[in-house]
Amino acid sequence: MTPKTIFSAVLAVSSLALGAGGALAQDMTSACLITKTDTNPFFVKMKEGATAKAEELGIELKSYAGRIDGDHEGQVAAVEACIADGAKGILITASDTKAIVDALQPARDAGILVIALDTPLDPIDAADATFATDNFAAGELIGKWAAATMGDAAADARIAMLDLAISQPSVGVLRDQGFLQGFGVELGDPARWGDEEDPRIVGHEVTAGNEEGGLTAMEALLAKDPDINVVYTINEPAAAGAYEALKAVGREADTLIVSVDGGCPGVQNVQDGIIGATSQQYPLLMASLGVKAIAAFAADGTMPAATEGKDFTDTGVALVTDKPVDGVESIDTAEGMDKCWG
Amino acid sequence: MANEPKSASGYEEGLKGASETVASFDESGRMLKKIHHWLHQTPSAVPMIVLIVAVIIFALLSDNFFRATTISTIMQQIAIVGIIGCAQSLVILTAGIDLSVGAIAVFSSVLMGQFTFRYGIPAPAAIALGLACGAAMGAINGFLIARLKLPPFIVTLGTWQIFLAANFIFSANETIRSREIGEQAPALQFWGNSIEPGGVKVLYAVFLMIALVALMAYVLRQTAWGRHIYALGDDAEAAQLSGVRTTRMLIQVYTLAGLFCAIAGWVMIGRFGSVSPTASTGQLGNIQSITAVVIGGISLFGGRGSIVGMFFGAMIVGVFEMGLRLVGTDPQWTFFLIGVLIIFAVAVDQWIRKVSS
């Protein structure tokens, strides 16, 4: 064998292999899931839901995540990888809802279906569809519940607001404003928190959505006003932190804590009376619906439709509490535990 | 010739007529020199003054600030950073840096929690194991830095990621709830207990932090081992030539730093109640501790500064955070002012070095 024949043989074999590889890739619809982090249990569950559905429908799913909550660059790099990879659809939970729009436009131009999960983009039509909890409604539920539970005392409530971050991401603003509206506080601009003039609000502090932040924030607000008796929290880890701060000053029994999320440790905290009520959301459902929509789009170009009367697909929310009140629909913690995540 | 000199009969005679004043330095700029000398002798003076000024300003701005309960809250908020700061101080005094301190603390707390709840090890044993694991993580840093001669910044940049990722993988991002710990393993929450003199709650964690700072201040000033750390940080080669076993010292310093971080991890459980692998300390503990160290007047170039200064540095940050919150300013002002302070602190450090050399 001359070097030339060896060379052509190698060439032939490798082109065959390449061809086969290409054919395989074409057979399988591929999709991307980009979450804020892959360490938050909410996103861990979302990834599980998406992976299970993708396996069932024969879709190749690749998962990406920012390194920390707020890692916008990491998400942009992931979007670019998905475009380069020839994905059919992108499911994204955006860290920066405004800035990610520019990175997603080339993907949509390339004919990729872009679906926002959990966090609506800004503007919301920057994605082809949004599968999310109605976060405002989730906040409103706990606000109504808290007001009804306090009864007449609600008129002189001392309210602590434990929010997500000072950048005011949409999910945090919606829950905060929903709670205040449900509680009966007059809102300023519903697109931001902190501009309300109701004297019942002691203050807003940010928690980064974890125990440590919830604890420190609650301590600061208690230093401002030791008579706080209602605590809104962005999520259940922040609520757990706030509870520790209240316990430290012996105020845990006469203070009402409400939250949003419905994670398993959170629902258990409702069961134990640490949290009064929480609004449960369904990340598994969001993710599986998203994967299903990509499969339908890949098959015949079907676009996902929004829930009637809303500009997104509402994946539902339920109030979890063992102390139901009249006029606010709720499920008990046993049912909440069945549906919890994380 | 009446003035013809006679040969001197003794030394004293030869001195006749000479100036009797003792040799002295030029006295110009005496005040500045005195201040400078004092600052040189007392590296914790600058942060102490800043701290007192900050407390006075915030006490004037907010009625709620200068109260025993607020001050004790600030102390408990800096307990963890103060203990991690002890670790960071030791390392920085050797002219090193440890970026993995926060990750070691969080991972150690997760190990203590999971040893207890996943493997059913009794809490005291789980705590001891967790402390040992923290020290082992520090020893890994020390080995890579001292034996393989890799730069501390690079080594701990790497181990920060490794320990943090191991923490997430090992814990599967599971949080152990406060209630379960309180019922089944209260020893884990030991440092969250408190005494209440006159109705003011003071966490055990605060006493622990103060005790550790005092202990390390004594060790660094009064023991040969402590003085060797300064010598090592000031000039490693000179220290080695004068008989300090620098390699062994470095490994000991990083191991001890790891142990301090693990203690901080134990304190975290007490303070937060729960065990959470996503605690912000894992991502920010290194920056917070370095901030306390630098504002506290410990030189990033090694060999200068005191651990008491670090304690004041941590206090300053805590006072700023609480004070600005009570005054009601945008939280970004906290970071703004801390940034100004860091640069101020480094400038003071450079000034003291320049005049003294």
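Within every chain, numbering begins at 1; the chains are lettered A, B, ... in the order of the sequence lines, protein sequences first and strands thereafter.
Phe163(B) and Phe107(B) have their aromatic ring centers separated by at least 6.0 angstrom. Less than 6.0 angstrom separates the ring centroid of Tyr204(B) from the ring centroid of Phe190(B).
At a cut-off of 3.5 Å, with distance as the only test, a side-chain donor of Thr333(A) or Asp322(A) sits close to an acceptor on the other residue. Using a 3.5 Å distance cut-off with no hydrogens or angles, the side chains of Glu321(B) and Thr334(B) do not pair a donor with an acceptor. Side chains of Ser276(B) and Thr278(B): a donor on one and an acceptor on the other come within 3.5 Å. Side-chain atoms of His204(A) and Gln168(A) include no donor-acceptor pair closer than 3.5 Å. Side-chain atoms of Asn135(A) and Thr133(A) include no donor-acceptor pair closer than 3.5 Å. Side chains of Ser171(B) and Gln114(B): no donor on one and acceptor on the other come within 3.5 Å.
Both the backbone and the side chain of Arg325(B) come within less than 4.5 Å of a heavy atom of chain A. Residue Gln189(B) does not touch chain A at all, counting heavy-atom pairs closer than 4.5 Å. Residue contact with chain A, scored on non-hydrogen atoms closer than 4.5 Å, involves the backbone and the side chain of Arg271(B) alike. When heavy atoms are compared at a cutoff of 4.5 Å, Thr69(B) does not approach chain A at all. Looking at Phe168(B), only its side chain comes within 4.5 Å of chain A, counting heavy atoms on both sides.
In Lys45(A), the NZ atom is crowded: over 12 heavy atoms of neighbouring residues, nucleotides or ligands sit closer than 6.0 Å. Annotation for Glu183(B): atom CD counts as buried by contact number, over 12 foreign heavy atoms lying within 6.0 Å. The neighbour count for Asp63(B) CG, taken as heavy atoms of other residues, nucleotides or ligands under 6.0 Å away, does not exceed 12.
Contacts with chain A were tallied for Leu326(B), Thr73(B), Thr70(B), Ile80(B); Leu326(B) has the most, counting heavy-atom pairs under 4.5 Å. Counting heavy-atom pairs under 4.5 Å between each of Glu174(B), Met268(B), Arg67(B), Gln76(B) and chain A puts Gln76(B) at the top. Among Gln77(B), Met322(B), Lys201(B), Arg179(B), the residue with the largest count of heavy-atom pairs under 4.5 Å with chain A is Arg179(B). Considering only heavy-atom pairs separated by less than 4.5 Å from chain B, the leading option among Ala248(A), Gly213(A), Gly209(A), Gly194(A) is Ala248(A).
Residues His72(A) and Val76(A) meet the side-chain proximity criterion, which asks for heavy atoms closer than 4.5 Å.
Chain B is approached within less than 4.5 Å, heavy atom to heavy atom, by Pro265(A), Gln268(A), Asn269(A), Asp272(A), Ile274(A) from residues 255-274 of chain A, ordered by number. Near-neighbour residues of residues 218-227 of chain A relative to chain B, defined by a heavy atom under 4.5 Å from a heavy atom of that chain, comprise Glu219(A), Ala220(A), Ala223(A), Lys224(A).
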Between side-chain atoms of residues 281-288 of chain B and protein atoms elsewhere (two or more places apart, or another chain), which donor-acceptor pairs fall under 3.5 Å?
from: Thr281(B); atom 1: OG1; to: Glu212(A); atom 2: OE1; distance (Å): 3.4
from: Thr281(B); atom 1: OG1; to: Glu212(A); atom 2: OE2; distance (Å): 2.9
from: Asn286(B); atom 1: ND2; to: Leu99(B); atom 2: O; distance (Å): 2.9

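With sequence neighbours excluded, the residues forming a side-chain contact (heavy atoms from CB on, under 4.5 Å) with Ala65(A) are Thr35(A), Asp38(A), listed by chain and number.
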